[in-house]
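The structure under discussion appears below in the form of structure tokens.
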Amino acid sequence: MVFTQQSAVSINLVASLLLLGLVNFSIVECRRLASTGSDVTYSAINCRKHTAFLTDFGGKGDGKTSNTLVFRSAIQNLSQFANDGGAQLVLPPGKWLTGSFNLTSHFTLYLQLGAVILASQDEGDYPLIEPLPSYGTGRDGPGGRHNSNPKNYSVYCCFDDFDVVRVICGTEFVICANGTIDGQGSLWWEKFHKKKLKNTRPYLIELMYSKKIQISNLTLIDSPSWFVHPDLTITAPVDSPNTDGIDPDSCKNVKIQDVFIVSGDDCVAVKSGWDEYGIKFNMPTEQIIIRRLTCISPDSAVIALGSEMSGGIKNLRAEDIRAINSESAVRIKTAPGRGAYVKNIFVDGMNLKTMKYVFWATGAYGQHPDPGYDPKALPRVDRINYRNVVAEDVEMAGNMGGIEGDPFTGFCLSNVTIGLAEKHKKLQWNCTDISGVSSGVTPPPCEVLKDKGKMECEYPSEKIPIDMVELKTCSFTSSSQML
Ligand SMILES: *[C@@H]1O[C@H](CO)[C@@H](O)[C@H](O)[C@H]1NC(C)=O
Ligand SMILES: *[C@@H]1O[C@H](CO)[C@@H](O)[C@H](O)[C@H]1NC(C)=O
Ligand SMILES: *[C@@H]1O[C@H](CO)[C@@H](O)[C@H](O)[C@H]1NC(C)=O
Ligand SMILES: *[C@@H]1O[C@H](CO)[C@@H](O)[C@H](O)[C@H]1NC(C)=O
Ligand SMILES: *[C@@H]1O[C@H](CO)[C@@H](O)[C@H](O)[C@H]1NC(C)=O
Ligand SMILES: *[C@@H]1O[C@H](CO)[C@@H](O)[C@H](O)[C@H]1NC(C)=O
Ligand SMILES: *[C@@H]1O[C@H](CO)[C@@H](O)[C@H](O)[C@H]1NC(C)=O
């Protein structure tokens, strides 16, 4: 594979993906099956009785004509089938320029191979909406957020080679694709770097208060900000600001699987609201599995837990994780003021190459939405398990600092082999305000991680609910719809 630092890199989700919900989510993997002739077959959580093509509604895939009204009227028209077997809207190959639009329930948006949704580059195409209730304020500035609306949005698309998709209050819809969404984020990154943003940048795909969502095999590039919020697969130049790959935020039952991410920030950032707003919103992220993730994240973590975790993060599994050139592996980020907890975290199997730290925990992350946070709201960090880890070219094995008077407890590290970089730090483990156990760790860890002799850290053997969702085989005939 060839990676570059430029946005032209387009990543194919090797298989598929997952997703989110501020409410009760059920995310599913959508694997593309073989297709013969013009019959397209794919697997999804649900199939649809009715099929339409964007061209039926006058869509033009020339990359220049705006399709905003076409998308809106097509989806409006197809919403009549919500209670009659549902509908799928197919985007044939082409470049479909558009502003934001709403998805609807019992609906599939299918991007054929070569179909690209280009997000409009006009800031005016992104109406301002309220900040997320669990954040209280915008992440980039005091104002609201572009291009979202706390109503029943489904998908927002915007920009000129990629787009922004947003779903709020949807039930049971699917975005299944061989295609791409391009957020054309450079315009926004430039404004961010010049500190010209008064409001939070749009996200590429945002799904809120939705259930039963599937996003599969979609390539997302150049999001203005966080890519999928709770969210998907991705690349961005490594110097783009806060372009986390996938951010499940206050989500339950999420599967992120077979994903390749090159990120200027964390590859996957698991979150649940910010300080007093997140504590009040009180919606944890839980029952998540991240499987076969490959990550390149030179300045950030492969998987970050936090720093916004004020609704709590629990019952997360990560298995078969690979990283090249990343700052740290599964990192805990929190601070006094966050409250809540990070607990029952299970990691099995990491293969890491060229890392600053393998283990990194930070109880002094800082960053607060406003002075109204409660410094006495201390997070509880407990039962954090890592086993079967191989790393090479590492500067420092473990930099683990809890909070004074609020130590992080229950760390377990077993079967960990870390090879050091030529220019490694003299101090390999710095453990402050943490406790736990270890077994078979090289180089030998700090004494507070008590050596237990032969033992394995825990990894649950029962299936996680999201792994039990069964997919159906769906199809349509693309026939004369090709451009
Ligand atoms: C995903 O789409 C790409 C084309 O963009 C295709 O080559 C690949 O086979 C698809 N993956 C799966 C699992 O269907
Ligand atoms: C997806 O793209 C691949 C080529 O990369 C193609 O072989 C396959 O038929 C496409 N699948 C569907 C379902 O369109
Ligand atoms: C939209 O739906 C109506 C039926 O409600 C149908 O008659 C009409 O042809 C549809 N419009 C398009 C452009 O397909
Ligand atoms: C959003 O959709 C739900 C059902 O999915 C409905 O109950 C609710 O009234 C809708 N809200 C708005 C603002 O349209
Ligand atoms: C999306 O739907 C909401 C109502 O649920 C509506 O207020 C809003 O204008 C729609 N947005 C777009 C871009 O169509
Ligand atoms: C230790 O971890 C490595 C890397 O994941 C794995 O190949 C090996 O089988 C593990 N050893 C044991 C005893 O589990
Ligand atoms: C170890 O970590 C603590 C806090 O996490 C920090 O204050 C201290 O400077 C570190 N020590 C070294 C030698 O890096």
Side-chain angles (χ1 to χ4, degrees), residues 20-23 130-145 150 200 208-209 226 229-230 242 244 247-252 254 265-266 268-288 300-301 303-316 328 330-345 359-385 399-411 430-436 448:
L20 120 73
L22 284 176
V23 180
E130 294 292 306
L132 289 171
S134 55
Y135 280 70
T137 183
R139 207 66 181 72
D140 297 339
R145 307 185 306 140
T200 298
M208 293 178 66
Y209 308 113
W226 293 342
H229 183 230
N242 307 122
D244 291 340
D247 292 22
D249 197 331
S250 295
C251 296
K252 187 172 177 183
V254 176
D265 204 330
D266 305 313
V268 175
V270 179
K271 300 171 183 286
S272 63
W274 203 10
D275 284 6
E276 70 271 27
Y277 301 101
I279 292 169
K280 188 166 171 229
F281 197 70
N282 191 25
M283 186 82 73
T285 288
E286 58 184 313
Q287 303 285 33
I288 295 215
S300 289
I303 299 173
L305 309 180
S307 81
E308 303 91 339
M309 39 60 67
S310 301
I313 296 173
K314 66 181 174 189
N315 303 337
L316 175 142
S328 67
V330 180
R331 180 185 181 193
I332 294 164
K333 304 197 273 193
T334 186
R338 294 285 195 271
Y341 52 81
V342 176
K343 65 182 181 190
N344 305 346
I345 306 298
F359 299 98
W360 198 10
T362 314
Y365 197 76
Q367 289 194 0
H368 303 286
D370 55 44
Y373 75 96
D374 175 8
K376 293 204 192 77
L378 298 176
R380 192 159 64 82
V381 175
D382 186 36
R383 225 174 145 212
I384 314 291
N385 298 274
N399 189 0
M400 305 163 80
I403 296 172
E404 202 182 333
D406 175 35
F408 296 176
T409 56
F411 278 98
N430 181 8
C431 305
T432 323
D433 301 307
I434 66 141
S435 64
V448 293

**OP:** In sequence, state the C-alpha distance, the side-chain angles, and the governing distance for Thr334 and Tyr365, and then conclude on side chain to side chain contact (heavy atoms under 4.5 Å, CB included).
**Re:** CA-CA 5 Å; Thr334 186; Tyr365 197 76; 5.9 Å; no
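- A distance of 12.0 Å separates CD1 of Ile384 from CZ of Phe359, quoted to the nearest 0.5 Å.
- The nearest pair of heavy atoms linking Gly337 to Asp275 is O-OD1, 3.3 Å.
- A side-chain donor-acceptor contact under 3.5 Å links Ser272 to the backbone of Gly312.
- Between the NZ atom of Lys314 and the NZ atom of Lys343 there is a distance of 5.5 Å, given to the nearest 0.5 Å.
- Listed here is the closest heavy atom pair of Pro407 and Gly405: CD-C, 3.6 Å.
- Contact detail for Gly363 and Ile403: the closest heavy-atom pair is O-CG1, 3.3 Å.
- Here the closest non-hydrogen pair linking Pro336 and Tyr373 is O-CE1, 4.0 Å.
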Original post:
So Met400 and Phe408, side chain to side chain contact (heavy atoms under 4.5 Å, CB included) or not? Walk me through it.
Top reply: CA-CA 9 Å; Met400 305 163 80; Phe408 296 176; over 6 Å; no
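- Qualifying side-chain hydrogen bond (donor to acceptor under 3.5 Å, both in side chains) partners for Ser435, counting only residues two or more places apart in sequence or in other chains: none.
- Between Ala335 and Gly366, the closest heavy-atom pair is CB-N, 3.5 Å.
- Distance check: Glu404 CD to Thr432 OG1 gives 10.0 Å after rounding to the nearest 0.5 Å.
- Interatomic distance, CG of Asn344 versus CD of Gln287, reported as 10.0 Å (0.5 Å rounding).
- Ionic pairing of Lys271 and Asp266 is not present here: no N-O contact between side-chain nitrogen and carboxylate oxygen is shorter than 4.0 angstrom.
- Shortest non-hydrogen contact noted between Ala340 and Gly311 is CB-C, 4.0 Å.
- Here the CD-CH2 distance, from Glu308 to Trp274, works out to 6.5 Å after rounding to the nearest 0.5 Å.
- Rounding to the nearest 0.5 Å places CD of Glu276 at 9.5 Å from NE2 of His368.
- In this structure, Ser310 contributes its side chain and Arg338 its backbone to a donor-acceptor pair below 3.5 Å.
- Test Ile288, Asn385, Asp382, Leu305 against Ile345 for side-chain contact (heavy atoms from CB on, under 4.5 Å) and you get one pass: Leu305.
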